[in-house]
Each structure stands twice: as C-alpha cells, then as structure tokens.
Novice: 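Structure incoming, see below.
Below, chains carry the letters A, B, ... as their sequence lines are ordered, and counting in each starts from 1. Bear in mind the structure is a predicted one, so any value in this text is a computation, not a measurement.
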Amino acid sequence: MIPEALLKPYDPAQNEEGVYARWEKSGFFNPDNLPAQAGLKGAEEPFTIIMPPPNANGSLHVGHALFVTLQDLLIRFKRMRGFKALWLPGADHAGFETQLVYEKKLEKEGRSRFKMTRDEFYAETLAFTMENKKHMEKELRRLGASCDWSREQFTLDPHIIKTVYGTFKQLYEDGLAYRGVRPVNWSTKYQTSLSDLETKTIERNDPLYYMKYGPFTIATVRPETKFGDTAVAVNPNDSRYQNYIGKTIEYEGLIGKVKLQVVADEYVDPAFGTGVVKITPAHDKNDFEVAKRHGLPAVEVIDKFGKLNERCGKYAGMKVMEARAAVVADLRTRGMLEKVDEAYTHNVLVNYKNENDVLEPRIMPQWFVKMRPLADKAREAVESGRIRFFPDFQKKIFFHWLETMEDWNISRQIAWGIAIPAWFCGNPNSRRMGFAGEVVPQVFKGKVATWRLRDHGFSVGDVVAFEDSSARKIFGSGKILAIKKTTVGEMNLQDAKHYKTYNTREELIAAFKKHNPDRVVNADTPVWSYEYEFNPTLSKDGCGMIVVATDTPALCPSCSGSALTQDPDTFDTWFSSGQWPFATLKYPDNSDFKTFYPTSVMETGYDILFFWVMRMIMLGLYRTGEVPFRDVYLHGLVRDAQRQKMSKSKGNVISPLAMCEKYGTDALRLALIMGNTPGMDMALSEDKIRAQKHFANKLWNIARFVLTAVDGEKPSKKPAILPQHQEYLDEFSATLVDITKDLEAYRLHLAAEKLYHYAWSRFADVILEESKPTLKGEDPAAKASIQWTLYIILEDLLKALHPFAPFVSEEIWSLMPEHRGLLMVEKWPAQ
RNA sequence: GCGCGGUUAGCUCAGUUGGUAGAGCGCUCGAUUUACACUCGAGUGGUCGCAGGUUCGAGUCCUGCACCGCGCACCA
C-alpha cells in the first residue's frame, strides 16, 4: 500500500514542526545519546561546532538562517558518518549593541538610561534580553537546527563569567592585561569608550582653518582644541623651518599668552597645509604618538560630555561644534584667521553603530590587553596549519590585520555587561608610578626616573601610589617633592634604581628597552626624575592598589585593610565571547572540555573575522594552550537579488521565518547553500527560494513514483540486476563518493548542486522515465531488477539529501515501508 | 597609500588539481486523460574585463593594466 500522506501534495509548513518535534524528542541532538548502531563508528570520535551565539536582542535575520543552514548541514553530515556530533547553541547578551537597542526602546517611551539607576537599567535590559532569547530559540528550531539544547549557554551564565574572570586574572598576572592611560575612542553620546574595531571612518566635509600661531600659520579642522596644544611640529627636513626647531614660540592667544615648543617629527607632511602642525596630545592619536616621542605633556581640554573644560577660559562649557564656531569668529575679529578652505574633505572617526556619533579621542584610564604576544601565537597557529581557513585567502587578510594591530581596549563604561573583576583601593583613577628602590617600612626620601607617558601630568605636591615594576603591587604612597626632565643619556646611573643599578649606560638603555619592547630607546629618550617622600602608611584616599581577583576580595591586601571599590566598568562583549569555545565546554575540568575541545569547525561570517575569530584564536591559545578550533569556515553576507545590502530602510529585507512559512525551511536552506561560494557574498531572491520549493516537491513526487513502482513494499531480496540497472547504481555510487569529498573539503555549494542535478535531471528525468516501460512490461525479471534499483537509489538519495533538506527527506523516510528509525541517524551512504 | 577579492549567458552566479563553456531565473517553440503544471522536451543566449606570457592545450597558471567591491591605515 502507498501511504496516503504521500498521495497528497507536499505541504512543508504543515510537516516541518512535527518533524522537528520528533527529532528533538529522540534525544539525538545530544551526542551522548547517539546510538552505536550497526555500521556507525560507535559515535566515539567527536565532531564539534560551537554555534556563534546570536544576539538576544531581536529576530533572526537571513544571515542567521545562513549560518544555521551551513552548520546544521555539517553537523548532520558528520552525525550520519558516525561521529559524536555536538553542535552547542548559545545566546549573546551582546553588551553595547543590546544596550543601544534597549536605549532606543527607552527613547521611544520617552525615557532615558541616564535617569535610571544602573541596577534598574541592568534589570530591565536583562528581562528584555531573556524575552528575546526565547523567541530566538524558537526561530532556531524553525530553521531546523539540530543543536544540543541541553547544553545551551548564555554569555552571562555564572560559569561563563567565572571563566572570563580567570582569563582576565591570568592576563593581569602575566602583565598582558594592564590599566593604562592611553587615547581611547570616546563616545560622548553613549558615554563609553570603544575598541578600534568598533569604529569606522566616514568621509565628511569640514572647513580647514588656517590660523596664526605666532610666526607660523597652521591648518586645522579642529581650532577648538588649540587650548590643549603642547607644541607645534614641523618635518625635520623642511628647510623653511630649520631655524625654529627646538625653540619656543610665544604669542598672544585667545585666552592669554601661549608658549609652545617647536619639535621636529617625521610624522609631519611638509606638503600638507603650511607644513606646521599643532600638537594636541590629549585629543588626537597621532599627536599623542608625537608627544610620546618628544616627551610632551598631554593637556585635556574636552570633557567626557564633549564640552570644553575649565582650561579653555570663556569657551569653557561649550560643546565642540559650538566652541569651534566661537573660536573661529574670535580669531577672525582679531585677524588671526588667515583663510578658510571650505571645500575640505577628510575622514572622521565615528561609532560603527551610529554614524552621527562622532567619537572624541580622549586619554583615559582604561583596561587594555597587550596584543603583540597573543597575536604572534595566533599567527603561528595559522601559519603552521594547526588552524585552516576556508577559503584559504581569508587568512591573508587575517595576517595583514595582525601586523597593524594595537593594544585592545577591553573596558566599557556601560551597564549592560560583565563587570570587570578589578577592585581599587581608593579612587580608581588615583595615579600610580613606578617605584625606585627597596621596600622599607619607614618614611624616606628617594628618586624615581621614568619615561612612560602614563606617568605624566604629576605636579609637585601630588600624592601618588607606588607600584613595583610589574605594575601589580602597591608599596604605599608618596608625595612628589620635585620634578626634573632629563634624558637617558644624561641620567645618573644611580638615579635609575627603578631598573636596578647599572654599571654602564648601555646596560641602562638595554634595561629600558626590555621594559617596553615597543619603543625605540636611545640616549636622547626623555626621562623624568621625580624626587619624592615615601610613606608606607600615607593614604588619604586608599593606597591605590588594584586587586584583580575571581572572587570579590574583602579588604585591600596592600595597605592596612582599606575598603575596596569595584571597577564600575564592564568588559567589551568580545572579550568574553572571545573565550566562548572553551568557556562553553567548561574549561578546564569538565568532561565536555576534554572530549570536544579543540572544536572541529568555527563557521561564521567574514565580517566578524577580527571581532571574534581572531580573539577566539588568541584567547583560546592563551588560556588552554590549544587552538580553539581546527577549521575556520567563513561565509559571506547575504545580499538582495541586485547585490544590495539588506536593510530595513531600503525595504529589501528577506525575513527567513516568512520564507519558511511560505516555501518551507528546506527551500530556504537549499537556496542559501546553492550558488553560495565560501567567503563570498551571495545574492538571494525570493525566486531562488521558490525554485527550491519546487525541488522539495520534486523529491516528494519521486518518492511517490518509486513507492508506487514497488507497490508500497520494500523489495524483499536483491534480484539479479540487469547490466543497465547496475550502471545506474554504479553511477550513483560514484556521485555519492564525489559529493562526500566535496563535503569533507567544505565545497558545500558544489555538493548541493550535484545532488540537485542527480535527483532531478538524472534520476527523475532519465532513469524514472526509462523505467516506465519495464515497470509496465511483461518481463518479471527485468521488473524486479528495476524495482530494486529504484528503491535503493531512493533510499540513498534521501540519506544524502538529509543534511541539505532535512525536513522533506525525513518526512518521506517516515513514509517508506519498514522504516521505523529516524533518517537523521542513518548511516551516510558513501565512504 | 598598503592589503584582499571580483570581472564568465539578459539578471544572479557555479566552474575543486589546466583537457569540447555550466546552473537557476528569464525568453522562444512544443507536449498533456502524466509520479510531479511546483511538469516534461527542444531551443535562444557567452571572442570567460583588456594586453602579453607558459603549455600540445588556459575561464583555470604567470606578468602587467583597467574598472568594481571590501578591509586596514590615514594629511593636522
């Protein structure tokens, strides 16, 4: 008998939910339950994919559908090949991004996070996120994700946080995480710093102002920062300005007398503007670098709200653009504005999530992770082939990035995230400096020499904390008595006790170099010498100790038991998600970690190669000593039929769930696989999805035809097979071997296309047609031969198609005679 | 500026190691008591961006150029 269901047309929307429920109920998504059935390898060899946790702040988009399709394809394929296949799902709290989404929601309701307490805001965002997480999980099921829900993780789960804390503590103790005062990308709108990756540059038109600076004219787009100038710079080879180098210029500025040193630096392009640059180290990254090279102080003039501060005289309190207009107007009245180039185009740094949020470079105390040592190991892992990239060319982009990378700012001033496990004794911004000499339990006077810019800005009379050279231990506090500038060449060898006592200048220079390998040190390197009075108990404001711990420490271990204040900042979400592979597997002791790590494949979009993949490689290698995954498969972006980026505002968004309802999940999945080359963007149109719905229907009808041909019975034993039919079987076997090779080599699109063409153009259009006369004919031997052949091919075809079109294949399988088990755990039909 | 891709049929794209140019959609003509009209058959349509080179043979390998896209770094 032919199953009645098969006689009706195929209706994916009606079948799919039931099929998914059967899979989930079977427990086979959990690799621990996989049967050691005949022919399987006993499900012992692991195959692991950690799912990139979708942001739990909205609906799944077609990009999510793509990764679900690709990863589910790989997992189902390996599961059928007998592997202990684990696909571990998760959800991401997505720190800054979710905060933006939630703030937008608040804005619509006429509310603002700045009018809420931090805890209120956190609680509301958490509730919002957990609600979205539920939807998200439902949608993943709708897409057919055969992931192990029993192992699902959320980025704010307590054990994840514990792992993240452990990594941070280790980085801190190894000197790779440090609290530094360096320029960061500051968002005045959202009141947080952002990592370099969270920024983008956009082209903008701003007037270029030519202003008088004493004897010079200087071109700038930011005249309002002039109050933070600490020098002017020229190119050392610029003949026009040779006489000024090293001199100090003096002139009457807008808010009083200005004295600026003239320095020579290669950074200055003599061909641009007038060849003279104002140096504003506190509000420009390049200027900061120049300042570092020449030992110039950094003077902050813009506060965290983007307003000019008290150093700016009558301009204090004005916002940047307002101040710019005022300064320009005043310069003009006083004849200090030479000209204005209105048609000047340059690039400005903005928030990558909001182009209207122009970022302000500011020097702030933040947490940084030293990239160089981690990057070198990551590079080695890829160069040696321990991590492979698919497609291979993506690794060149990866290498290029590793070369140009700067230290990673991992602290965010946002509420929605994992709190940083650092505690300050006293003011978190209390200033610290290196310590000279031995620790002695009594008051004494001494000298310390340092050239690190982070130690700048001290004045006589300041109370500072003294730390050891590893910047981890605080000895006590001191009061600065005098500050003197000198150079390494002029330094008294005994003054440099901070770095030990040296016999020769070469030894001293070598020690400086060792202390900071990133920097060129020679006899001209500027050094500050601080005379101080050290007092181990002097502690007006706590001792300044920073405690990094995985559990909340009680009291400061350094000074006499002062209370500690936790760092109010949170981690960059990528710092925690960078640890996702080993954190989700519960490093280091859980059996999951031991079984499934290193994982097999990391499948994700090339757009987060740097944000995520690179960080996982670096942090995974650092924490576990092993690569987090062996293969990286990078897919491209899904664009619309005209290759335009999909966006709500353009109205060209294809909603994956709507497509599932309309054409079936299999159709959507097939459309996302076929014609999608690894690492390249793809164009997706509704037409393409519709075409794949036709394919699913074709399969349904193939099954109906074959089952009709065998009268609904499985042929009981193999008859003598006619040579022509044997050819059909051999040809199909060869196709399956070919497809298997494609899948193993991540040529997923080719595998799908070959199966499609075999099923449709070969099996249906030729073999089934050719079989018709035999089936109707009078030769029982030939009939038995073709019946057996058709049935076997259909079985294997369904198995091979299952990873690509899991729903329709499983549904047909369930309608086949004598099939009790699930197709998803059948043995793959080729070696 | 540095780096990475792309350029193949009207459109969107495949083409794994060099061996007679492919798919889907579209278009034209035809078929029909059919497993399937969500169908079948036939056809239309390409000097594979340009110029050289290697080779018996190049869409595929090498060199140069052009255009498009992306990433990084950016001139105040």
Novice: Applying side-chain hydrogen bond (donor to acceptor under 3.5 Å, both in side chains), run through A:His725 and A:Ser785 and close with a yes or a no.
Specialist: CA-CA 7 Å; A:His725 303 158; A:Ser785 171; 2.6 Å; yes
Novice: Treating A:Asp681 as the side-chain partner and A:Leu637 as the backbone partner, does any N or O pair qualify as donor plus acceptor under 3.5 Å?
Specialist: yes
Novice: Figure out the CD/C1' separation between A:Glu770 and B:A35, and round it to whole Å.
Specialist: 16 Å
Novice: Parallel, tilted or perpendicular, judged at 30° and 60°: which one describes the rings of A:Tyr213 and A:Tyr251?
Specialist: tilted
Novice: For RNA chain B, list all stems, counting runs of three or more consecutive pairs where every pair is Watson-Crick or G-U wobble with both distances under 3.5 Å.
Specialist: B:1-7 with B:66-72, B:10-13 with B:22-25, B:27-31 with B:39-43, B:49-53 with B:61-65
Novice: How far, in whole Å, is B:G18 from B:G57 if one measures between their P atoms?
Specialist: 15 Å
Novice: Regarding A:Phe695, tell me which of base, sugar-phosphate or nothing describes its non-hydrogen contacts under 4.0 Å with the strands shown.
Specialist: nothing
Novice: If you pin A:Pro9 and A:Gly275 to their nearest nucleotides in RNA chain B, which one's is more 5'?
Specialist: A:Pro9
Novice: For a quick check of understanding: with a heavy-atom distance under 4.0 Å over all strands, which category does A:Val276 fall into, base, sugar-phosphate or nothing?
Specialist: nothing
Novice: Please determine, by modelled atom types, if A:Asn409 and A:Asp572 share a side-chain donor-acceptor pair under 3.5 angstrom.
Specialist: no
Novice: Taking the nucleotide of RNA chain B with the nearest heavy atom to each, does A:Leu768 or A:Leu208 sit closer to the 5' end?
Specialist: A:Leu768
Novice: In whole Å, what separates the C1' atom of B:G64 from that of B:C25?
Specialist: 37 Å
Novice: In whole Å, what separates the P atom of B:U8 from that of B:A14?
Specialist: 11 Å
Novice: Checking all strands, does A:Lys285 fall into the base, sugar-phosphate, or nothing category for heavy-atom contacts under 4.0 angstrom?
Specialist: nothing
Novice: Scan A:Ile702 against the nucleic acid and name what it touches under 4.0 Å (heavy atoms): base, sugar-phosphate only, or nothing.
Specialist: base
Novice: What is the separation between atom CG on A:Asp681 and atom P on B:U7, rounded to the nearest whole Å?
Specialist: 13 Å
Novice: Whole Å only: how far is the CZ atom of A:Arg690 from the C1' atom of B:G26?
Specialist: 12 Å
Novice: If you measure from the Lys or Arg side-chain nitrogens to the Asp or Glu carboxylate oxygens, is any gap between A:Asp687 and A:Arg690 under 4.0 Å?
Specialist: yes
Novice: Output the rounded distance in Å from CZ (A:Phe393) to P (B:G6).
Specialist: 7 Å
Novice: Any N or O donor-acceptor pair linking the side chain of A:Glu403 to the base of B:A73 at under 3.5 Å?
Specialist: no
Novice: Can you tell me, in whole Å, how much space there is between the P of B:G26 and that of B:C65?
Specialist: 42 Å
Novice: Within the pair A:Lys396 and B:G5, is there a side-chain N or O less than 4.0 Å away from OP1 or OP2?
Specialist: yes
Novice: Answer with base, sugar-phosphate or nothing: what part of the nucleic acid does A:Met680 contact at a heavy-atom distance below 4.0 Å?
Specialist: sugar-phosphate
Novice: Return the value, rounded to whole Å, for the distance between atom OH of A:Tyr663 and atom C1' of B:G24.
Specialist: 15 Å
Novice: Applying a 4.0 Å non-hydrogen cut-off, can you work out what A:Thr708 is touching in the nucleic acid: base, sugar-phosphate, or nothing?
Specialist: nothing
Novice: When rounded to the nearest Å, what value does the distance between P atoms of B:U12 and B:G49 take?
Specialist: 15 Å
Novice: Using whole Å, report how far NE2 of A:His694 lies from P of B:C40.
Specialist: 11 Å
Novice: Over all strands shown, is A:Ala641 touching base, sugar-phosphate only, or nothing at heavy-atom distances under 4.0 angstrom?
Specialist: sugar-phosphate
Novice: Is the shortest side-chain N/O distance from A:Trp760 to OP1 or OP2 of B:C40 below 4.0 Å?
Specialist: yes
Novice: Counting just side-chain N and O atoms, does A:His346 come under 4.0 Å of either OP1 or OP2 of B:A76?
Specialist: yes
Novice: Heavy atoms only, 4.0 Å cut-off, all strands: where does A:Asp269 land among base, sugar-phosphate and nothing?
Specialist: base
Novice: For A:Phe390 and A:Tyr746, take the angle between the two ring planes, folded into 0 to 90°, and tell me which bin it lands in: parallel under 30, tilted 30 to 60, perpendicular over 60.
Specialist: tilted
Novice: Please confirm whether the shortest side-chain N or O distance from A:Lys772 to OP1 or OP2 of B:A35 is below 4.0 Å.
Specialist: yes
Novice: Can you tell me how far P of B:A73 sits from CD of A:Glu289, to the nearest Å?
Specialist: 13 Å
Novice: Whether the A:Glu811 and A:Tyr10 side chains hold a donor-acceptor pair (N or O, under 3.5 Å, no angle test) is what I'd like checked.
Specialist: no
Novice: Measure up the A:Tyr241 and A:Phe216 rings against each other and bin them: parallel (under 30°), tilted (30 to 60°), perpendicular (over 60°).
Specialist: perpendicular
Novice: What's the closest nucleotide to the side chain of A:Glu753 if the choices are B:A35, B:A14, B:A76?
Specialist: B:A14
Novice: Nearest whole Å is fine: how far is B:A23 C1' from A:Lys688 NZ?
Specialist: 10 Å
Novice: Which pairs, protein N/O on one side and nucleotides 15-20 of chain B N/O on the other, fall under 3.5 Å?
Specialist:
from  : atom 1 : to       : atom 2 : distance (Å)
B:G15 : OP1    : A:His749 : NE2    : 3.1
B:U16 : O2     : A:Asp742 : OD1    : 3.3
B:U16 : O2     : A:Arg747 : NE     : 2.4
B:U16 : O2     : A:Arg747 : NH1    : 3.3
B:U16 : O2     : A:Arg747 : NH2    : 2.9

Novice: Any chance the side chains of A:Lys278 and A:Thr225 put a donor and an acceptor closer than 3.5 Å?
Specialist: yes
Novice: I want to verify a distance call: between B:C72, B:C40, B:C4, whose nearest atom is closest to the A:His400 side chain?
Specialist: B:C72
Novice: Quantified in whole Å, what is the P atom distance between nucleotide B:G69 and nucleotide B:G10?
Specialist: 22 Å
Novice: Please report the C-alpha distance between A:Glu355 and A:Arg204 in whole Å, then the side-chain angles of each, then the deciding distance to 0.1 Å, and finally whether the salt bridge (Lys or Arg N to Asp or Glu O under 4.0 Å) criterion is met.
Specialist: CA-CA 11 Å; A:Glu355 289 190 7; A:Arg204 212 171 69 169; over 6 Å; no
Novice: Check the orientation of A:Tyr756 and A:Phe695. Use parallel for under 30°, tilted for 30 to 60°, and perpendicular for over 60°.
Specialist: tilted
Novice: C1' atom, B:A23 versus B:C48: distance in rounded Å?
Specialist: 16 Å
Novice: Could you check whether A:Asp206 and A:His346, counting side-chain N and O atoms only, form a donor-acceptor pair closer than 3.5 Å?
Specialist: yes
Novice: When we call it a touch if two heavy atoms are under 4.0 Å apart, what does A:Glu769 touch: a base, just sugar-phosphate, or nothing?
Specialist: base
Novice: OP1 or OP2 of B:C70 less than 4.0 angstrom from a side-chain nitrogen or oxygen of A:Lys200, does that happen here?
Specialist: no
Novice: Could you tell me how far B:U60 sits from B:U55 if I compare only their P atoms? Round to whole Å.
Specialist: 16 Å
Novice: Which of the following nucleotides, B:U12, B:C40, B:A76, is nearest to the side chain of A:Asp765?
Specialist: B:C40
Novice: Once you apply a heavy-atom cut-off of 4.0 Å, does A:Ala696 come out as touching a base, just sugar-phosphate, or nothing?
Specialist: nothing
Novice: Do we get A:Lys200 above A:Tyr352's six-membered ring, with its NZ or CZ under 6.0 Å from the centre and within 45° of the axis?
Specialist: no
Novice: Under the 3.5 Å rule, do the base of B:C38 and the side chain of A:Lys693 count as making a donor-acceptor pair?
Specialist: yes
